[in-house]
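Here is the structure we will look at, set down as structure tokens.
In this text the structure is predicted, and so the values were computed from the model without any measurement. The sequence lines fix the lettering, A, B, ..., with proteins before strands; numbering per chain opens at 1.
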There are 2 protein chains.
Amino acid sequence: MRYLSFDHFFTVLGNKQRVKILQLLDRHGPMSVMSIAKRLQAEQSAVSHSLRQLLACHFVVVNQSGKERIYAINEDTVRPIFDLIEQHVKKNCAKDCGHWQ
Amino acid sequence: MRYLSFDHFFTVLGNKQRVKILQLLDRHGPMSVMSIAKRLQAEQSAVSHSLRQLLACHFVVVNQSGKERIYAINEDTVRPIFDLIEQHVKKNCAKDCGHWQ
DNA sequence: TGTTCATATGAGGTATTTATCATTTGACCA
DNA sequence: TGGTCAAATGATAAATACCTCATATGAACA
């Protein structure tokens, strides 16, 4: 993986699947890799790769539970960052993109 | 340019040159394209392309002044976002990457 | 130890981004 | 209008990132 520079944290957030994973973990709480994959209709391997990057940036944390590894969002920091972007969009980009979900 | 989705805002921030431009504008105040290019030792064209993306996301604003176009950072939102990432890094990634600038 | 299930890893092709060059547009003023 | 300077645009090659497949690791338990 690439070196952990300032812009890299944004790069990791700049991907639909990784954002979806974070949003899912935020809404649903801690989940295993397979549960995430099923819920997002994504490949186990793809999800694992994504989680690896999110973990490297500490956007998620992980705990072993039997054979499963349970991933959870780092609420303290990820949620505020998402909120800021949402505010920014509402304030500045309302007409450009008022509608993703 | 790509469609303006949530993750896209992060994608635009996930690039060294664009981050440098924002940091420069933040420290130095409003600047013309050429001044930015000179200061960062980058091509005029490259800077212009970068500014276009930053502008589309409303991370910067622009004003015409004679032949020049003066770009300024959107302080209200960009600075807080950068601050949040910095806090996040200090709090969670201190040992991984304590040192970019 | 051997089997099973969950997750991680590595390699590959494909897609997306980036940087650069040449050219165009646009503002200003003689 | 023609010249000049600043900035924007478009096309393209090069660099990165992404997704998928096949395979490896690792935990649990008989």
Parallel, tilted or perpendicular, as decided by the 30° and 60° cut-offs, for the rings of B/F59 and A/H88: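 Ring orientation of A/H88 relative to B/F59: parallel.
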
Give a yes/no answer on whether the side chain of [X] brings an N or O atom under 4.0 Å of OP1 or OP2 in [N].
{"X": "A/Y71", "N": "C/dA6", "answer": "no"}
{"X": "A/R69", "N": "C/dA6", "answer": "no"}
{"X": "B/R52", "N": "D/dA8", "answer": "no"}
{"X": "A/N15", "N": "D/dC18", "answer": "yes"}

May I have the distance from [X] (atom [atom1]) to [N] (atom [atom2]), rounded to whole angstrom?
{"X": "A/R18", "N": "D/dC19", "atom1": "CZ", "atom2": "C1'", "result": "12 Å"}
{"X": "A/H8", "N": "C/dT18", "atom1": "NE2", "atom2": "C1'", "result": "17 Å"}
{"X": "B/Q53", "N": "C/dT18", "atom1": "CD", "atom2": "C1'", "result": "9 Å"}

Test side-chain contact (heavy atoms from CB on, under 4.5 Å) applied to A/L55 - qualifying residues, sequence neighbours left out: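 Residues passing side-chain contact (heavy atoms from CB on, under 4.5 Å) with A/L55: A/V60, A/V62, A/Y71.
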
With sequence neighbours left out, write down each residue that passes side-chain contact (heavy atoms from CB on, under 4.5 Å) with A/P80, or none if nothing qualifies. B/L84

In residues 28-37 of chain A, which residues come under 4.0 Å of DNA chain D by heavy atom? none

Enumerate the side chain to side chain donor-acceptor pair (under 3.5 Å) contacts for residues 35-45 of chain A, please, sequence neighbours excluded, ordered by first and then second residue.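 Sorted pair list: A/S32-A/S35.
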
Which residues pass the salt bridge (charged side-chain N to carboxylate O under 4.0 Å, His left out) test with B/R79, sequence neighbours left out?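 Once residues adjacent in sequence are excluded, the partners of B/R79 under the salt bridge (charged side-chain N to carboxylate O under 4.0 Å, His left out) criterion are B/D26, B/E75.
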
Once side chain to side chain donor-acceptor pair (under 3.5 Å) is applied, do any residues pair with [X], and if so which ones, sequence neighbours excluded?
{"X": "A/D76", "value": "none"}
{"X": "A/H49", "value": "none"}
{"X": "A/E68", "value": "none"}

Base contacts versus sugar-phosphate-only contacts with protein, heavy atoms under 4.0 Å: please encode nucleotides 20-30 of chain D as B, S and - from 5' to 3'. BBB----BS--

